[in-house]
Amino acid sequence: MKAQKPPPRKLHRGHFAFMRALAQGVDERASWERYLHLEGEHVDVRTVRRTIAWIRDAFAAAARRERKPGTARLILLDPERIPASPVLPSLAEFANSQGMEEFSEAEQIEAYEAAHPRAGGKAGQGGSERSAPTSRRARVIARQLEALRWLENLAAQDPRPGDSVAAWLHPALAERLERAGLPTLEMLVGHINAVGARWWVHVPGVGDRKAARILEWLHANERVLGLRIGVHATQPRAQLSPAALAEIVPAATGLVPFEKFVLPRALDGHAGCFRAPRESCRLTADDDHAAIGAWLGTKGKEEVAAGKLSATQRSYRKEAERLLLWAVLERGKPLSSLAGEDAHAYRAFLAAPPPAWCGPRHHQRWSPKWRPLEGPLTPAALRQALIILRSLFTFLVDHGYALANPFADVALPPERPSPLGTNRILSFAQWDHVDAMLRDHPDTQPARRLRRAMRWLYATGLRLAEVTNLRCDDLMRVSTCSADGAGAAHWVLTVSGRGARRRQVSLPAELVEELGEELARHGLDRRVDAPCNHGIPVLARFDAQLRPVAWSASGLYQAIKAFLARAAERLEGAAAQQLRKASTHWLRHSHGAHALRGREGQPPLALEEVRNNLGHALAGTTSMYLRALDATECAADTKT
C-alpha cells in the first residue's frame, strides 16, 4: 500500500517577518526566537538552515504559481553572498588623507575622481560631500523586501481548526502528535483542554519545553483559530480550585457526570409512570435526580470533607449515574418510568455498551473526555451493578417514591465461589521481584514517592483511599515495656476507615525513617511527628513554591499499574501474566495472605492483628486469606 503523502506546510506571517528581519541584517538568533522558535532550538544549526531553505523554496514556489519567475529567482538569492561594494570616503575625508586641505575644491574633486574612477557624477552635494552609489547588495535587499510584502498579501494564511498539525508545526513535532492520535489542530486543543496542564505526558517525544512552545503558538493564534485553551490547561492541577475545575464542562443533557446532568422537564420523573402517590412519599425529592441524591446521602456515614463523597458513595453514584443517563439518553424515559423490560435491556447494555459511552479511567469527572464506562462490564462487575440498582429501587419503594422495583426479577450473573482474593495475590517470589525493582528505581522525587507508596500498601494492607489520605500527624511513636523491663518504641498509624471506624495499624520503623529522609530533603523537619509537619501528606508531591499536596488516588493507581506492568516484562509465563493484571488492591490482598503465613525472618502475625490492619469487621473474612494464598501458589505451580 502506497504511503500517504503528508499535507504541505503552510506559510504564516511569522515566516515573512523572520525573512524580512534577516534581509535587513537583524541578528539571526533574535529573529528566530521572536518569530520561529516553535520550529526548534536555535542552537540546532541544521534545523535553522533547513527551515530557512524551506521558507525560500516555499516563497519561490508561490511566486512561480503567480507566473513571476523573476520574483522567484530574486527570493532565492542570498544577499550575504553578494560582495559588498567598498565604502567611498567623503570629499573632505579624501582631501585630509591626501594632504590637500589647502587646495581648491575643484582640484580636490579632480584628484578624487582620478582616484575613484567608478564613483561617477560629481564629488558631492553642493560640492562638499560625495554620495556613494547604492550597492548591488542593498538593491537586492530592497527588491526582496518589496517582493516579500507582495508575497505576504498573496500567500500568508491563517490556521483553521481542521488543519493538519503538519501544516503548521515542525515536521518532527507534528509526527509525534499524529502518532499520539492528534492529527488536527482542533483535536490537539481538545486533548489539551481535556487532560490539563500535563497534557504532553501522553504524547511520547514531547516534553514540557516543546509543550510550552506549542501552547504559545496556539495562544497567539487563538483568535483566528476560534479555539480557546482553558485556564486550567496552563496551571498545575494543585493550583486549581474545585470551582475552577467544575466550570470546564457546563451542565447539559448529555454524557456528563451526575452532578452536571440536566434532566429535561418531560423526563425528570415528576410524572413518572411508577411514581407512588405524593401523599405517601417520605422524601422531599420532586424528581429522579433528587431522589438518587437522597439515596446516596444514606450511604457512607463517615465524616468526609465538604463536597467530597466517601468511597461507598462514589461506587453507588457510579451505578445510579449510568442508569439515569441511559434511561434519559438511550431509552427516552424517566428513571421512575422504567419497567422490568427496561431493566433487562439495561443489563444487556452494560454487557456491550456503545463506544461513545466508553473512555479511559484516568479521565476525571471535570474532563470533557470523561465517560461513564470503560467498556463492557465483567460478570462480577455486572453482578455488583445490578445488586446496587436493586438497592436503589428498594430504597425508593420503601420511602414511597416508587411503586415497584424493575430490577427485582433481573437475573444476576452467577457468583464464582473462591477464597477471598484468589488470583489477586502476589506470591512471595513475585513480591520479592517487585521489591527488588523498587530498590533499583531512580533516585527522583516521583520514583521515591512510588516506592514509598507500594511499600506502605504492602506493609499495612491499607485501602487505596486510606493511604492517600494519610498525613504525618496520623503517625505516633508508641513506647512499650517488655516483661524484663526493657523499653522499646514502635510506630502506629491512626487510620480512618469505612463506616467512620478508626483503627491503629503498626508500621515498620524503616518506612518511617524513609519518610523522614524525604521530608528533610525538602527542608522540613526530619521528625515525622513534629508539629510543623502536621497536615503534610505521607505521599506528598513536593514543590519549592507550594505547600506539599497529596497524591490523588487515581494518580497512584495508574502509577502502580504502570510499574507492575514494567515488572512483568522481566518475568515469563504465568507469573508475568498475573503481574500484568495486578493493581493497588493486590498489594492489600498480598499483605493479608503473607502476614498470616509468615516467611523466613518474618514470623506470622496473629489473625486478630491482620484483621485490624485490613479493617475487617469479622475475623472469618480475614482467615480466608490463608486458603487464598494456598490457591494462588497451587495455580502458579500448575501453570508452570
Side-chain angles (χ1 to χ4, degrees), residues 253 255-301 309-353 357 365 371-373 376-415 498-499:
T253 304
L255 284 178
V256 295
F258 175 76
E259 61 273 15
K260 294 290 184 70
F261 190 56
V262 176
L263 285 171
R265 180 60 177 168
L267 302 175
D268 68 1
H270 74 279
C273 296
F274 300 109
R275 282 289 300 271
R278 295 297 192 275
E279 58 272 14
S280 64
C281 183
R282 293 186 288 114
L283 298 177
T284 58
D286 186 54
D287 59 36
D288 296 340
H289 195 284
I292 291 174
W295 173 66
L296 290 175
T298 67
K299 307 299 177 184
K301 299 291 187 180
L309 300 181
S310 68
T312 301
Q313 288 171 322
R314 288 197 301 272
S315 175
Y316 279 60
R317 177 187 61 184
K318 175 179 65 179
E319 303 305 339
E321 177 177 70
R322 291 170 175 173
L323 179 63
L324 182 66
L325 293 173
W326 176 83
V328 173
L329 301 178
E330 296 286 330
R331 209 66 170 175
K333 286 185 172 184
L335 182 127
S336 53
S337 291
L338 295 180
E341 297 85 352
D342 300 308
H344 283 88
Y346 183 65
R347 185 189 192 279
F349 173 84
L350 291 179
W357 280 68
R365 298 178 71 83
R371 292 296 180 269
L373 290 153
L377 297 190
T378 64
L382 180 58
R383 178 183 177 85
Q384 179 69 6
L386 296 175
I387 289 173
I388 289 175
L389 293 177
R390 280 184 182 178
S391 168
L392 165 62
F393 277 94
T394 297
F395 172 87
L396 298 180
V397 171
D398 289 347
H399 286 75
Y401 183 86
L403 291 172
N405 187 340
F407 287 88
D409 297 326
V410 176
L412 300 177
E415 186 174 14
R498 292 180 175 175

| query | Would you say Leu335 and Leu396 make side-chain contact, with heavy atoms under 4.5 Å? | reply | yes
| Ala404 versus Phe393, closest heavy-atom pair with distance | O-CD2, 4.0 Å
| query | Is the side chain of Arg282 donor-acceptor paired with the backbone N or O of Gly400 at a distance under 3.5 Å, no angle test? | reply | no
| message | Could you tell me if the side chain of Phe261 sits less than 4.5 Å from the side chain of Leu329, heavy atoms only? | response | yes
| Side chains of Leu386 and Pro413: does their closest heavy-atom pair fall under 4.5 Å? | yes
| query | How about Asp268 and His270: does a side-chain donor come under 3.5 Å of a side-chain acceptor? | reply | yes
| note | Asp287 and Tyr401 have their tightest heavy-atom pair at C-OH, 2.9 Å
| task | Look up atom CG in Leu324 and atom CG in Leu392, then write down how far apart they are to the nearest 0.5 Å. | result | 9.5 Å
| For the student: nearest non-hydrogen atoms of Leu267 and Val328, plus distance | CD1-CG1, 3.8 Å
| Contact summary for Gly272 and Ser337, nearest pair of heavy atoms | CA-OG, 3.4 Å
| Does the side chain of Arg371 reach to within under 4.5 Å of the side chain of Pro353, using non-hydrogen atoms? | no
| request: Determine, for Glu319 against Arg322, whether the closest basic-nitrogen to carboxylate-oxygen distance falls under 4.0 angstrom. | output: yes
| Euclidean distance, Phe349 CZ relative to Asp342 CG, rounded to 0.5 Å | 13.0 Å
| said: Quick check for you: to the nearest 0.5 Å, what is the distance between Leu350 atom CG and Leu377 atom CG? | reply: 5.0 Å
| field | Leu412 backbone acceptor or donor facing Arg383 side chain under 3.5 Å | value | no
| message | In the structure I gave you, are the side-chain heavy atoms of Pro406 and Phe274 within less than 4.5 Å of one another anywhere? | response | no
| said: If you define the side chain from C-beta out and look only at heavy atoms, does anything of Leu389 sit under 4.5 Å from Tyr346? | reply: yes
| Which value, rounded to the nearest 0.5 Å, describes the distance between Leu255 atom CG and Glu321 atom CD? | 10.0 Å
| Exam field: side chain Asp398 to backbone Phe395, donor-acceptor pair closer than 3.5 Å | no
| Given side chains that start at C-beta, do those of Arg347 and His344 come closer than 4.5 Å, heavy atoms only? | no
| What distance do Thr394 atom OG1 and Ile388 atom CD1 have between them, rounded to the nearest 0.5 Å? | 12.5 Å
| query | What is the distance from atom CG of Leu323 to atom CZ of Phe258, rounded to the nearest 0.5 Å? | reply | 11.5 Å
| task | Identify the two heavy atoms, one from Arg278 and one from Ala271, that lie closest to each other, and give their separation to 0.1 Å. | result | NH2-N, 4.4 Å
| task | Take Arg317 and Lys299 through the side-chain contact (heavy atoms from CB on, under 4.5 Å) test and state the conclusion after the steps. | result | CA-CA 10 Å; Arg317 177 187 61 184; Lys299 307 299 177 184; over 6 Å; no
| query | Taking all atoms of both residues into account, what is the closest heavy-atom pair of Ala320 and Ile292, and its distance? | reply | CB-CG2, 3.7 Å
| query | How far apart are the C-alpha atoms of Trp326 and Leu373, what are their side-chain angles, what is the distance that settles it, and do they pass the side-chain contact (heavy atoms from CB on, under 4.5 Å) test? | reply | CA-CA 11 Å; Trp326 176 83; Leu373 290 153; over 6 Å; no
